[in-house]
Amino acid sequence: MNCTDEIEHAVAVVGSGPVGQDRAAVFVHEGKLVGVVADGAGGTFGGAQAADLVIERVRQTVAGDINLSAPGVWRQVLLEASLAAESVGQTTAVVCGAGHGASIGDSEAWLIKPDRVVDLSVGQPRKPLLGGGFAEPATFGAALEYGDVLLLATDGLFKYVTAARICELARQPRLSPD
């Protein structure tokens with residue numbers, strides 16, 4: 001658990017095979033968090049490298065001089081990553097920061113509120129993936145309120161853990177930074 005400007009965040013990547021292709025990162029921009037998850041397409045060449053490319057493209061965007069609150073900024077970042085990944089491999093992706101996000105594939109973004117769950121990435125295209133040509137990431141808004149949990153994860157979580165269990169764990173009291 002990390003705390004930056006009193007905003008809690010955690011990043012965990014747990015592989016299930018000899019070569020993991022899931023990537024995740026959290027960056028801080030002007031006191032706000034930007035989260036990104038990418039899952040290299042299994043069974044395709046270069047999935048891990050394509051996922052790395054997405055993480056790096058988001059890192060560069062956060063470090064640059066760009067208005068992250070502008071609508072569509074994350075979609076544009078994913079489109080640029082998709083073009084760069086065409087010679088590398090394919091990956092899913094979900095990125096969220098400054099109240100906006102974009103996603104493609106079977107990685108998802110959930111806003112877990114005390115009384116309900118909002119699937120921010122509902123309706124996103126599953127294919128083609130980034131790097132697969134003609135990718136069209138979907139955009140979403142993510143207005144967080146005190147007590148909300150924003151969860152970005154790959155199908156490695158959503159396929160194997162029930163929504164009820166995910167929400168139960170997300171709603172537990174946070175660990176102290178101490």
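Side chains are part of it too, since the values below use all heavy atoms of this structure and drop only hydrogens, waters and symmetry mates. Note that the structure is predicted; figures quoted are calculated from it, not measured.
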Residue pair [X] / [Y], side-chain heavy-atom distance below 4.5 Å:
| X | Y | answer |
| --- | --- | --- |
| Arg23 | Asp52 | yes |
| Thr139 | Pro71 | no |
| Glu136 | Arg75 | yes |
| Ile166 | Ile112 | yes |
| Ile55 | Phe27 | yes |
| Val94 | Trp74 | no |
| Val73 | Asn67 | no |

Pair Arg126 + Asp106: basic N to acidic O under 4.0 Å: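 No, Arg126 and Asp106 are not salt-bridged.
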If you look at every heavy atom in [X] and [Y], which pair is closest and at what distance?
| X | Y | value |
| --- | --- | --- |
| Ala98 | Ser69 | CB-OG, 3.6 Å |
| Val117 | Cys167 | CG2-SG, 2.9 Å |
| Leu150 | Cys96 | CD2-SG, 3.7 Å |
| Ala93 | Leu130 | CB-CD1, 3.5 Å |
| Ala41 | Gln21 | O-OE1, 3.2 Å |

Output yes when a side-chain donor or acceptor of [X] lies under 3.5 Å from a complementary backbone atom of [Y], and no otherwise.
| X | Y | value |
| --- | --- | --- |
| His29 | Val62 | yes |
| Gln124 | Gly105 | yes |
| Asp119 | Val122 | yes |
| Trp110 | Leu120 | no |

Nearest 0.5 Å please: distance from the CG atom of Leu169 over to the CG atom of Leu151.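 Reported to 0.5 Å precision, the distance equals 10.5 Å.
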In Å, rounded to the nearest 0.5 Å, how long is the span from CD of Glu56 to CD of Gln49?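 Glu56 CD to Gln49 CD: 14.0 Å, rounded to 0.5 Å.
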Do [X] and [Y] sit in the same hydrophobic cluster, where Ile, Leu, Val, Met, Phe, Trp and Tyr count as joined when their side-chain heavy atoms come under 4.5 Å apart?
| X | Y | answer |
| --- | --- | --- |
| Ile104 | Val54 | yes |
| Leu111 | Val26 | no |
| Val34 | Ile66 | yes |
| Val149 | Val37 | no |
| Phe140 | Leu144 | yes |

Does any donor atom in the side chain of [X] or [Y] lie under 3.5 Å from an acceptor atom in the other side chain?
| X | Y | answer |
| --- | --- | --- |
| Thr154 | Asp22 | yes |
| Ser121 | Ser103 | no |
| Glu168 | Gln172 | no |

Tell me whether the count of non-hydrogen atoms from other residues, nucleotides or ligands lying under 6.0 Å of CG in Asp65 goes above 12.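 Counting neighbours around CG of Asp65, 12 or fewer heavy atoms of other residues, nucleotides or ligands fall under 6.0 Å, so no.
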My understanding is that only residues two or more places apart in sequence, or in another chain, count here; which of them pass side chain to side chain donor-acceptor pair (under 3.5 Å) with Ser82?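 Listed in chain order: nothing, the list is empty.
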Apply side chain to side chain contact (heavy atoms under 4.5 Å, CB included) to Glu80 and list each qualifying residue two or more places apart in sequence or on a separate chain.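 For Glu80 the side chain to side chain contact (heavy atoms under 4.5 Å, CB included) partners, ignoring immediate neighbours, are Arg57, Gln76.
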Could you check Phe158 against Ser107 for side-chain contact (heavy atoms from CB on, under 4.5 Å), going step by step and ending with a plain yes or no? CA-CA 8 Å; Phe158 296 118; Ser107 294; over 6 Å; no
Using side-chain contact (heavy atoms from CB on, under 4.5 Å), reason through Val95 and Leu78 one step at a time and then give a plain yes or no. CA-CA 8 Å; Val95 59; Leu78 292 184; 4.2 Å; yes
